[in-house]
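Contents: one structure, followed by commentary.
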Amino acid sequence: MYKDQELRQQARDAVEKKKAIVSSDPYRPIYHIAAPTGLINDPNGWVQWNGVYHLFYQWMPFKTDHGAKFWGHVSSQNLVDWQEEEIALTPSDWFDKDGCYSGSAIEHNGQLKLFYTGNVKNDGVRETYQCLAVSNDGIHFEKKGVQIELPEGFTAHFRDPKVWEQDGEYYMVIGAQTDKEEGAVVLYQSEDLSDWQFQGILAEGFGYMWECPDFFSLDGYDILLFSPQGLDANGIDYRNTYQSGYVIGSWQESFTFGEFHELDRGFEFYAPQTTIDDQGRRLLFGWMGVPDQEEEHHPTKNYSWMHQLTIPRELVLENGKIYQQPVAELMELRDELIVNQVGSVHTDIPKASELVLNEITSEKGYIKLFDYATIEFDQHKQTIRLTRPAFDDGELEERVGIMEGELTEIRLFIDHSSLEIFINGGEVVFTSRMFSDVSNRTLEVEAEGKLSIWSLKQKF
Ligand code: FRU
């Protein structure tokens with residue numbers, strides 16, 4: 001208990017001490033959830049409880065690097081305005097002393113329950129425990145300790161429990177690495193959320209570790225979402241250090257599934273987590289980063305913070321593919337309509353804006369932002385290409401997405417140092433950081449189509 005109080009105080013002190021420098025960063029987002037100070041990564045415990053959205057995240061308050069993670073916490077009534085809450089979990093106990101690693105939330109008997117991984121390292125040897133913390137008010141959590149120990153047949157890379165309820169039973173998927181150093185997702189089952197039965201491997205087949213699994217049904221299909229590590233780049237696929245994607249499957253004797261699809265084509269996207277809300281929407285947040293990718297080159301570390309999350313997105317299944325759309329509530333962010341015209345344009349725009357280009361009639365075209373990121377389309381090849389300078393040497397690098405049919409819409413969410421690109425209502429999505437010259441506000445659109453641009457409101 002004493003350790004927990006001490007860590008909370010140290011984290012609060014760190015935020016207080018760094019507040020001025022963090023908020024002075026011209027790269028600081030104004031409507032995205034970002035590290036208060038230090039480093040954030042995965043969204044965790046994403047849930048709507050008693051009508052309020054609760055989102056937790058992996059947080060290292062003391063440095064812009066990974067380490068013994070805390071769970072930070074924000075809440076919202078409307079997915080647009082967010083309130084900072086007290087720290088939910090600190091790495092204060094023997095079973096989580098080197099990090100309260102990723103996990104999920106579920107409501108049960110009027111309480112909010114968090115399942116997370118206790119990361120422990122003794123003399124460089126990793127141990128992993130699946131742990132529980134419980135709350136009556138959604139703000140203060142009481143740890144209940146270890147619920148599941150590492151089963152035989154797996155290395156200690158066994159983490160990130162995601163729990164859900166189905167037909168009165170509880171299920172949990174965990175990201176795993178087998179003794180043969182192959183990535184997998186395992187399944188547990190419980191009747192009461194406290195006695196868990198190991199059901200074996202749900203899915204495996206490529207890569208050396210699968211992190212952050214999520215399992216849900218969308219439009220009648222079962223989706224397994226996860227972040228595999230160890231895939232080699234292959235043409236336009238798997239270009240980032242680690243991937244994030246999904247398989248669509250069904251239960252017969254076991255879970256059989258089809259091809260692995262990357263969920264996002266951008267440079268920085270990882271460890272997404274979903275929940276279902278009271279309107280029946282499947283909502284997703286992702287981390288706008290990738291482990292072991294370019295972190296030493298993020299300029300924001302000079303301002304004592306690193307990383308942010310994506311905007312909230314709604315998932316729908318169309319033509320056997322997951323579409324990601326910005327949630328409808330984000331229209332609330334629109335401030336002024338600053339461009340509303342047909343055809344090409346060369347102008348200045350604010351660093352926080354939303355752009356929609358639709359009714360596109362040109363065969364080819366491009367959007368160039370802040371002389372930094374270029375989005376090119378080719379109707380004939382059905383390609384969308386995002387190009388930007390690499391963080392380390394400034395050499396141009398690219399990511400490519402393929403559309404099934406015609407390009408009908410490009411929608412951009414721009415927030416100082418981030419860019420989220422939604423093509424054709426979310427058929428292809430690119431999520432990326434963008435460290436353009438802070439004084440450069442230029443926008444070039446070379447395309448025939450209807451262009452609308454809004455400045456966006458500040459929320460943080
Ligand atoms: C994914 C991940 C998880 C782990 C957490 C630690 O980014 O490595 O597997 O629980 O981050 O912060």
Side-chain angles (χ1 to χ4, degrees), residues 11 33 35 38-46 55-73 87-91 95-105 114-121 126-133 146-148 150 154-163 172-177 181 183-186 207-214 224-231 240-245 263-264 267-274 284-295 298 306-310 431 433:
I33 296 159
L39 174 150
I40 67 168
N41 52 301
D42 316 350
N44 291 155
W46 174 215
L55 181 68
F56 304 81
Y57 52 81
Q58 287 287 283
W59 183 34
M60 160 42 72
F62 308 127
K63 54 180 180 177
T64 49
D65 202 349
H66 295 271
K69 298 285 167 60
F70 290 53
W71 273 39
H73 182 192
I87 294 164
L89 300 174
T90 71
F95 49 79
D96 58 19
K97 72 179 181 64
D98 296 294
C100 297
Y101 273 12
S102 286
S104 55
L114 306 181
F115 286 87
Y116 69 99
T117 298
N119 181 53
V120 172
K121 266 189 183 168
R126 190 187 291 269
E127 296 165 27
T128 177
Y129 303 98
Q130 310 317 312
C131 307
L132 170 67
V146 179
Q147 308 294 299
I148 295 176
L150 180 63
F154 299 91
T155 74
H157 289 289
F158 189 88
R159 54 178 172 263
D160 313 333
K162 172 77 199 265
V163 176
M172 178 193 287
V173 279
I174 300 179
Q177 179 180 62
E181 301 198 354
V185 166
V186 300
Y208 60 79
M209 170 65 192
W210 291 7
E211 296 189 310
C212 300
D214 193 348
L224 176 65
L225 179 66
F226 56 102
S227 295
Q229 302 188 322
L231 306 193
N240 296 340
T241 306
Y242 306 124
Q243 278 49 63
S244 245
L263 188 60
D264 194 285
F267 292 95
E268 280 90 23
F269 181 83
Y270 198 71
Q273 190 176 84
T274 75
L284 173 143
F285 269 100
W287 172 31
M288 213 184 275
V290 179
D292 305 326
Q293 180 172 298
E294 303 280 9
E295 273 172 354
H298 277 237
M306 193 180 285
H307 297 313
Q308 63 179 65
L309 304 181
T310 64
T431 303
R433 296 306 296 277

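Order of appearance sets the numbers: ligands from 1, and atoms from 1 within every ligand. Starting from 1, each residue takes its place in the sequence as its number.
The contact set between ligand 1 and Ser102, taken as ligand atoms under 4.0 Å from a residue heavy atom, comprises 5 (C), 10 (O). Ligand 1 places these atoms under 4.0 Å from at least one heavy atom of Asn41: 5 (C), 6 (C), 7 (O), 11 (O), 12 (O).
Taking any N or O of Trp287, backbone or side chain, none lies under 3.5 Å from an N or O belonging to ligand 1. At under 3.5 Å, not a single nitrogen or oxygen of His66, backbone or side chain, sits near a nitrogen or oxygen of ligand 1. Backbone and side-chain nitrogen or oxygen atoms of Tyr270 are examined, and none is located within less than 3.5 angstrom of a nitrogen or oxygen of ligand 1. Residue Tyr101 has no N or O atom closer than 3.5 Å to an N or O atom of ligand 1.
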**Report entry** From CA spacing to verdict: side-chain hydrogen bond (donor to acceptor under 3.5 Å, both in side chains), Glu295, His307
**Finding:** CA-CA 9 Å; Glu295 273 172 354; His307 297 313; 2.7 Å; yes
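For the residue pair Asp292 / Thr241, no side-chain donor-acceptor distance below 3.5 Å is found, with atom types taken as modelled. If you check the side chains of Thr117 and Gln130, you find a donor sitting under 3.5 Å from an acceptor. With no hydrogens or angles considered, a side-chain donor-acceptor pair links Asp96 and Tyr116 at under 3.5 Å.
With atom 1 (C) of ligand 1 as the reference point, the heavy atom nearest to it among Asp42, Ile40, Asn44 is part of Asp42.
In this pair, Trp59 and Tyr57 present their aromatic rings perpendicular. The plane angle is above 60°, beyond the 30 to 60° band.
Listed here is the closest heavy atom pair of Gln58 and Tyr101: NE2-C, 3.3 Å.
Nearest protein heavy-atom contact of atom 4 (C) of ligand 1 is Asp160 OD1, 3.5 Å. The nearest protein atom to atom 8 (O) of ligand 1, hydrogens excluded, is given as Glu211 OE2, 2.9 Å; this is a heavy-atom distance. Distance from atom 6 (C) of ligand 1 to its nearest protein heavy atom, with residue and atom name: Gln58 OE1, 3.2 Å.
Within the 4.5 Å cutoff, the side chain of Pro291 has heavy atoms near those of the Tyr270 side chain.
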